[in-house]
Visitor: 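The following block contains the structure, expressed as structure tokens.
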Number of protein chains: 2
Amino acid sequence: MRDPEQTRQNILEVSADEIHRKGFTATSLSCILKRCEISKGALYHHFANKMELGYAVFEEVYAPAFIALWQPPVETEDPIQGLSDFFSSMSKEMSCDELVCGCPLNNLCQEMSGVDEGFRIRILAMQQQLNLLIATNLSRVSSQLQPDLDFSQVAYFIVSTFHGSSSLSKSSLNKELFDKVIKELCRYMQQLKR
Amino acid sequence: MRDPEQTRQNILEVSADEIHRKGFTATSLSCILKRCEISKGALYHHFANKMELGYAVFEEVYAPAFIALWQPPVETEDPIQGLSDFFSSMSKEMSCDELVCGCPLNNLCQEMSGVDEGFRIRILAMQQQLNLLIATNLSRVSSQLQPDLDFSQVAYFIVSTFHGSSSLSKSSLNKELFDKVIKELCRYMQQLKR
DNA sequence: AGTTTAACCGACCGGTAGGTCGGTTGCAAA
DNA sequence: TTTGCAACCGACCTACCGGTCGGTTAAACT
């Protein structure tokens, strides 16, 4: 019957979903408890407090999922095309509700970076890791790209634009504006090629 | 002694600052009352509730300031150069603390679009107004730009990137990453010229 | 001077949040 | 079979939130 590891995983997954939808602060423990069908004691047995639960969600759910999401498109032979397809497939395959939720990393960055140092350093590390991932793969195919490109700069630019477009779709409640920005982003990326 | 209009303005300005720094939800009325040195009764005499106060801050503080900020650079003879200078001067002249607070419009968009319909429609209207402002001014100088540009698409792209770069600097706590993205954004904008 | 009312005061309310803690339960080792 | 402890329960605590409301004050008008 009892399976502490299963309980812990369940808490993490439900919390990840709630935080993604409502943000960290607006996510209430009681709501998590209901969905998990456990008591407050159970949650506090596995996590010291809400903040530690948040950190665990970030490290054990968001971070791995984030890398698993971005790595494949970037590590294809043609990372420019890989990213273009990656972004394009988002607006096609993702539902409106999903899209409006935005990227968990960007959401937490906006909400928690200025409030909690623990979140800030984790978010920053993740952003730097993503930047390195993109930049190194761009430099890998630098022979096919324009000369004098600052790959780190280009990588930060691409991710910034993507996050900005997610923000846009939150107020419009549809994919239209997201699509527009992604189209222009793809046009920009194609221009990086020589 | 008594100056109701002054009281109201003071509430609006202090609230605008608090909301800009902490976000709408995290801003507590008691904190506003302290800074304004007024009672709760005074605040509720001027505003029906917290939400209405938020709407008033948006319409009477953020919206005018937002237009006053973006209009000049976009309405110069060369809007591309105007925007480039506009963005560049930000990273030079703005303090780190200011920059990390981000754009009030983008902040509210991220926080409130999915929670409150009243905020959502106001934010969306503002975004569309800004988009129109940029797009029309780009089309004004279309003869100097590349052919087949979708000006609305380009305008949304520019603003998205700018907002995304603000997000970045929240976790890094310095201007470095913001600078990088802005540099690439300026490079992109220059490429729009033929 | 008296009257009216907008402007303002602050104690109080219900609700909810995160967090605590003494007690119970189930399972595994001895 | 007994014992020990991780796993779990849920009533309770304090703090703070947005919001209410009966009362007070200042100033403008008659």
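Heavy atoms only: backbone and side chains are in, while hydrogens, waters and symmetry mates are out. Naming: A, B, ... by sequence-line order, numbering from 1 per chain.
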Visitor: Any side-chain N or O of Ser30(A) under 4.0 Å from OP1/OP2 of dG18(C)?
Guide: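 No, Ser30(A) has no side-chain N/O under 4.0 Å of OP1/OP2 on dG18(C).
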Visitor: What is the separation between atom CG on Asp3(A) and atom P on dT25(C), rounded to the nearest whole Å?
Guide: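 Atom-to-atom, Asp3(A) to dT25(C), this comes out as 21 Å.
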Visitor: If we count only N and O atoms by modelled type, under 3.5 Å, do the side chains of Gln81(B) and Asp85(B) hold a donor and an acceptor together?
Guide: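 The criterion, which ignores hydrogens and geometry beyond distance, is satisfied for Asp85(B) and Gln81(B).
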Visitor: Without decimals, in angstroms, what is the distance between Leu29(A) CG and dG18(C) P?
Guide: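 Taking CG of Leu29(A) and P of dG18(C), I get 4 Å after rounding.
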Visitor: Counting side-chain heavy atoms from CB outward, which of dG18(D), dA7(C), dC8(D) is closest to Arg2(A)?
Guide: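 Of all the options, the side chain of Arg2(A) is nearest to dC8(D).
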Visitor: Taking the six-membered ring of Phe24(B) (Phe, Tyr or Trp), confirm whether the NZ or CZ of Lys50(B) is under 6.0 Å from its centre and within 45° of its axis.
Guide: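 Judged by the rule, Lys50(B) and Phe24(B) form a cation-pi pair.
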Visitor: Phe24(A) or Gly41(A): which one's nearest nucleotide on DNA chain C is closer to the 5' end?
Guide: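 Residue closer to the 5' terminus by nearest nucleotide: Phe24(A).
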Visitor: Rounded to the Å, how far apart are Met51(B) CE and dC17(D) C1'?
Guide: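 Taking atom C1' of dC17(D) as the reference, CE of Met51(B) is at 14 Å.
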Visitor: Using a heavy-atom cut-off of under 4.0 Å over every strand shown, decide if Leu43(B) touches base, sugar-phosphate, or nothing.
Guide: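 No contact.
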Visitor: Rounded to the nearest Å, what distance is computed from the CD atom of residue Gln6(B) to the C1' atom of nucleotide dC8(C)?
Guide: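 Atom CD in Gln6(B) sits about 15 Å away from atom C1' in dC8(C).
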Visitor: Mapping Ile38(B) and Thr27(A) to their closest nucleotides on DNA chain C, which lands nearer the 5' end?
Guide: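 With Ile38(B) and Thr27(A) compared, the 5'-side residue is Ile38(B).
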Visitor: In this structure, how many angstroms lie between the C1' atom of dA7(C) and the OH atom of Tyr44(B), rounded?
Guide: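 Computing the Tyr44(B):OH to dA7(C):C1' distance gives 17 Å.
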Visitor: Nearest to the Ser28(B) side chain among dC17(D), dG19(D), dG19(C), which nucleotide is it?
Guide: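 When the side chain of Ser28(B) is considered, dC17(D) is the closest of dC17(D), dG19(D), dG19(C).
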Visitor: Distance check: side-chain N/O of Thr7(B) vs OP1/OP2 of dA7(C), anything under 4.0 Å?
Guide: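 Result: no.
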Visitor: Where the side chain of Ser39(A) is defined as all heavy atoms beyond and including C-beta, which of dG18(D), dC8(D), dA7(C) is the nearest nucleotide?
Guide: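 Minimum distance to the Ser39(A) side chain belongs to dC8(D).
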Visitor: Give a yes/no verdict on a cation-pi contact between Lys170(A) and Phe178(A), requiring under 6.0 Å between NZ or CZ and the six-membered ring centre and an angle within 45° of the axis.
Guide: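 So Lys170(A) doesn't make the cation-pi contact.
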Visitor: Which nucleotide in the list dG18(C), dC8(C), dG19(D) gets nearest to the side chain of Lys50(A)?
Guide: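 Nearest to the side chain of Lys50(A) among the choices is dG18(C).
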Visitor: Just the rounded figure in Å: distance from C1' of dG19(D) to CG of Leu33(B).
Guide: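 The distance from CG of Leu33(B) to C1' of dG19(D) comes to 12 Å, rounded to the nearest Å.
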Visitor: Give the nucleotide from the list dG19(C), dG18(D), dC8(D) with an atom nearest to the side chain of Lys40(B).
Guide: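 In terms of side-chain proximity for Lys40(B), the closest of dG19(C), dG18(D), dC8(D) is dG18(D).
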Visitor: Are Glu176(B) and Tyr156(A) linked by a side-chain donor-acceptor pair shorter than 3.5 Å?
Guide: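 Checked: Glu176(B)/Tyr156(A) side chains show no N/O donor-acceptor pair below 3.5 Å.
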Visitor: Send over the distance from Arg8(B) CZ to dA6(C) P, rounded to a whole Å.
Guide: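 So the CZ-P distance, Arg8(B) to dA6(C), works out to 16 Å.
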Visitor: Within this structure, what is the CD1-to-C1' distance between Ile11(B) and dC9(C), rounded to whole angstrom?
Guide: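 That distance rounds to 13 Å.
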Visitor: Apply side chain to side chain contact (heavy atoms under 4.5 Å, CB included) to residues Ser165(B) and Ile182(B) and explain how you reach the verdict.
Guide: CA-CA 7 Å; Ser165(B) 68; Ile182(B) 292 304; 4.0 Å; yes
Visitor: Which nucleotide wins on minimum distance to the side chain of His45(A), given the candidates dC8(D), dC17(D), dG19(C)?
Guide: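 So the nucleotide nearest the side chain must be dC8(D).
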